[in-house]
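To start, the structure itself, in structure tokens.
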2 protein chains.
Amino acid sequence: MVTIKDVAKETGVSPSTVSRVIADNPRISPDTKQKVREAMERLGYHTNIHARNLVAKSTKAIGAIMPSSANKALQNPFFPEVLRGIGSVIHERQYSLTLSSGETEQEILEEVQRMVFGSYVDGLILLYSRVEDPVVAFLEERDFPYVMIGKPFDRLEEITHVDNDNFMAGKQITNHLIARGHEKIAFIGGSKDLFVTRDRESGYLAALADADLPHHEDYVIHTEFLKSGGKEAVEQLLSLPIRPTGIVVTDDLMSLGVLSTLEESGVQVPGDISLVSFNNVYLSEITRPALTTVDINIYELGAQSARALIERTVDKTIPPKRIIVPYTIIYRGSVKEYP
Amino acid sequence: MVTIKDVAKETGVSPSTVSRVIADNPRISPDTKQKVREAMERLGYHTNIHARNLVAKSTKAIGAIMPSSANKALQNPFFPEVLRGIGSVIHERQYSLTLSSGETEQEILEEVQRMVFGSYVDGLILLYSRVEDPVVAFLEERDFPYVMIGKPFDRLEEITHVDNDNFMAGKQITNHLIARGHEKIAFIGGSKDLFVTRDRESGYLAALADADLPHHEDYVIHTEFLKSGGKEAVEQLLSLPIRPTGIVVTDDLMSLGVLSTLEESGVQVPGDISLVSFNNVYLSEITRPALTTVDINIYELGAQSARALIERTVDKTIPPKRIIVPYTIIYRGSVKEYP
DNA sequence: CTGTTAGCGCGTTCAC
DNA sequence: GTGAACGCGCTAACAG
């Protein structure tokens, strides 16, 4: 391994001078810099991060924490996409990205502790937002830099987070259905404990209220993500005396399940029932019909969180902030004028 | 930050003793160990990896390298799934996982160099296999531990890699179609430069030959992954004077495109055309009809590669090996007896 | 502008 | 069984 000393010897300067050249210290003469850089190149010098980190107390690395049920979570195209966003800025800033997951909550907490205490990383991105998350508690207690994708359970103003305006998105996409003549609109969401669900649901309700449309409790269903959930939800909906003509689904993956169950039941989409969805994951343009869905800009969610985090790790005094990533509605074939 | 010295002071022993306790050195008396461990606990000691790595020359970290077109690649559910597999053993062995990607080939090569030279990681997993990969060349030249998922371009015996028996899988799944009475069977694969495609195609051809079925060149189509490719392929197939009654598709994602295009064209699956696919990504049970597909055990692909890599990093003298992960055929609804 | 010195936190001799 | 001393590769004062 070529060290700073080797380069120093080769150039006839001291190790610290070489170090300064690496840091591009302005007080080093251009000549020396030139000379040293040539030698580094020639010898194939590369700085050893561990030596650097040991003294510099900064790792230029950040960690991404997966939800505990990494099992199911990673099935959602959402994650690769956030990772892609995070990766892009990580790469651009010459940082490293450490991925961390665990089967249980306890495991992931331990992982996080290991990373924090061992100073593996300068900061953490939480790829999920849970109620009463011990990881958050730990991070807060240690005052360790982190940002969260989604909405914090509490202390909204104290935790830097990156989110969409899910209320507005929910409202707007519901309005789309209303504008197309639909009056009996159902809502299928994930767990009530998730803020995404809550916010989108509130938006949905607001849209109904604004349009003076009645709100049937039977039309709001909370279920698990993925097919099973989607199927159950649809079955419930179809068994109702008065079927909805439009459905708002909070996740493309769920929509997939909804779609297939609908088709199995001989219900045409959008002929009999119109569907709008969320996320605009690649799936949504592949289904038949392609989904009208809210593009929440997952990539940006990742990129912004990485930016915010790096900012914070560089300057710890930067106050926490909330970043709202704009959404766009992508109109495709799953909605039809009613009747 | 609590260091080894603090613990030493607290316990009244020397730093080296503490160090030995951490390493669980057998020559330390149980009493001292007990005492020291209590102090570590009490003080909240955690070893600083950078200091450790600096002297130990091992990082207990491995890196996963994404394909250069991380853009598209991450859209395939394949990746999250391998990552999940890798993550599980990483976690189990208390290693860390660093994710690395880049837009261009050049960028990813630079990333790899940075990781290798800066001794960020003990080894690397290549999540893709490309022809004439400069990354492989670099790694070989430096004799840096790595394993590849898929099949190496050359030097098969010198590169540790984890793969499926794609030839047999291709043959067997084609045989399934044949056994169900199909004789006009088409093949839709990805780029010819990919070994996955080649191997599966060879298997397909072998099955045809074994059954004395004629092989039409028009029935073999190479195209890009994802919808566009799938659509084009299907369009070509449908325009043929004699349409196939069965199709072998090498990727579930492609199958999705194939399916939808078929439906758009009013062709029933499996009524008119039967479909078999590869990967058994969650998608395949969601589509309508659900896909009969080869489960290549992506998770295992990841887990095994991580195991093999860690083994190699621990003992560099371990000879390269090829690991074949078994596949299973999952029978679902996309195949029907012909006629 | 540049060299010298002194650690960063830990593991590893080599003594005792 | 345990301590003292040294060095891993690098950066950061302090000199000059």
Side-chain angles (χ1 to χ4, degrees), chain A residues 1-40 43-61 94 96 114-122 314, chain B residues 1-37 39-40 43-61 94 114-122 314:
Chain A
M1 169 165 275
V2 185
T3 79
I4 230 172
K5 282 184 189 166
D6 300 318
V7 179
K9 224 167 270 173
E10 177 81 6
T11 10
V13 299
S14 80
S16 47
T17 300
V18 177
S19 175
R20 289 187 183 108
V21 172
I22 294 169
D24 203 21
N25 188 316
R27 294 186 310 190
I28 298 291
S29 76
D31 290 4
T32 324
K33 278 189 180 171
Q34 181 65 17
K35 206 170 48 176
V36 170
R37 285 193 177 125
E38 275 172 22
M40 296 199 312
L43 268 40
Y45 169 83
H46 286 262
T47 118
N48 179 320
I49 36 147
H50 297 115
R52 192 215 288 286
N53 292 166
L54 186 54
V55 32
K57 257 102 184 78
S58 145
T59 63
K60 295 259 263 172
Q94 301 250 56
S96 299
R114 204 171 61 100
M115 303 193 79
V116 171
F117 285 131
S119 55
Y120 279 80
V121 292
D122 291 344
V314 169
Chain B
M1 168 167 275
V2 185
T3 80
I4 232 173
K5 282 184 191 167
D6 301 317
V7 180
K9 224 167 271 174
E10 178 81 6
T11 6
V13 300
S14 81
S16 43
T17 299
V18 178
S19 175
R20 290 189 181 103
V21 173
I22 294 169
D24 203 20
N25 187 317
R27 295 187 310 192
I28 298 291
S29 75
D31 289 5
T32 330
K33 278 190 181 171
Q34 181 64 18
K35 205 172 48 176
V36 170
R37 286 193 177 123
M40 294 199 313
L43 268 40
Y45 169 82
H46 286 262
T47 119
N48 179 320
I49 36 145
H50 296 116
R52 193 214 287 285
N53 293 168
L54 186 55
V55 33
K57 257 110 184 66
S58 145
T59 63
K60 294 260 261 172
Q94 300 250 57
R114 202 171 63 101
M115 303 192 80
V116 171
F117 286 131
S119 55
Y120 278 81
V121 292
D122 291 344
V314 168

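Everything numeric in this text was worked out from a predicted model, so none of it was measured. Lettering follows sequence order; numbering is per chain, from 1.
Interface limits on DNA chain D: the 5'-most and 3'-most nucleotides within less than 4.0 Å of chain B heavy atoms are D:dG1 to D:dG9. Mapping heavy-atom proximity under 4.0 Å, the span of DNA chain C touched by chain B runs 5' to 3' from C:dC8 to C:dC14.
For A:Gln34, the side chain to side chain contact (heavy atoms under 4.5 Å, CB included) test picks out A:Glu38, with sequence neighbours left out. Listed by chain and number, the residues in a side chain to side chain contact (heavy atoms under 4.5 Å, CB included) with A:Val314 are A:Tyr95, A:Ile310 (sequence neighbours excluded). With sequence neighbours left out, B:Asp31 forms a salt bridge (charged side-chain N to carboxylate O under 4.0 Å, His left out) with no residue at all. With sequence neighbours excluded, no residue satisfies side chain to side chain donor-acceptor pair (under 3.5 Å) with A:Asn48. For B:Tyr45, the ring pair (Phe, Tyr, Trp, His ring centres under 6.0 Å) test picks out no residue, with sequence neighbours left out.
Residue pairs that meet the salt bridge (charged side-chain N to carboxylate O under 4.0 Å, His left out) test with at least one member in residues 2-16 of chain B, sequence neighbours left out, are B:Glu10-B:Arg42.
Listed by residue number, B:Ser16 are the residues of residues 6-17 of chain B with a heavy-atom contact under 4.0 Å to DNA chain C. Near DNA chain C, defined here as any heavy-atom distance below 4.0 Å, the residues from residues 21-37 of chain A are A:Arg27, A:Ile28, A:Ser29, A:Thr32, listed numerically.
Considering every non-hydrogen atom in both A:Ala8 and A:Ser14, the closest pair reads CB-C, 3.8 Å.
Using a 4.0 Å heavy-atom cutoff across all strands shown, B:Leu54 reaches at least one base atom of the nucleic acid.
Here the side chain of B:Asp122 pairs a donor or acceptor atom with the backbone of B:Lys60 at under 3.5 angstrom. Between the side chain of A:Thr17 and the backbone N or O of A:Val13, no donor-acceptor pair lies under 3.5 Å. Between the side chain of B:Asn53 and the backbone N or O of A:His50 there is no donor-acceptor pair closer than 3.5 Å.
Using modelled atom types and a 3.5 Å distance limit, the side chains of A:Ser19 and A:Ser16 yield no donor-acceptor pair.
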Test side chain to side chain contact (heavy atoms under 4.5 Å, CB included) applied to A:Ser119 and B:His46, step by step: CA-CA 9 Å; A:Ser119 55; B:His46 286 262; over 6 Å; no

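Five base pairs at each end of the helix from C:dC1-D:dG16 to C:dC16-D:dG1 define two local axes, and these are offset by 40° (rounded to 10°).
At least one side-chain heavy atom of B:Arg114 sits under 4.5 Å from a side-chain heavy atom of A:Gln94. By the 4.5 Å heavy-atom criterion applied to side chains, A:Tyr120 and A:Thr59 are not counted as neighbours.
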Donor-acceptor pairs under 3.5 angstrom involving side-chain atoms of residues 20-30 of chain B: please list them, not counting sequence neighbours.
| unit_1 | atom_1 | unit_2 | atom_2 | d |
| --- | --- | --- | --- | --- |
| B:Asp24 | OD1 | B:Lys33 | NZ | 3.0 |
| B:Asp24 | OD1 | B:Arg37 | NH2 | 3.0 |
| B:Asn25 | OD1 | B:Arg27 | N | 2.8 |
| B:Ser29 | OG | B:Thr32 | N | 3.2 |
| B:Ser29 | OG | B:Thr32 | OG1 | 2.3 |

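Positionally, the nearest nucleotide of DNA chain C for A:Arg20 lies more toward the 5' end than for the other of A:Arg20 and B:Val18.
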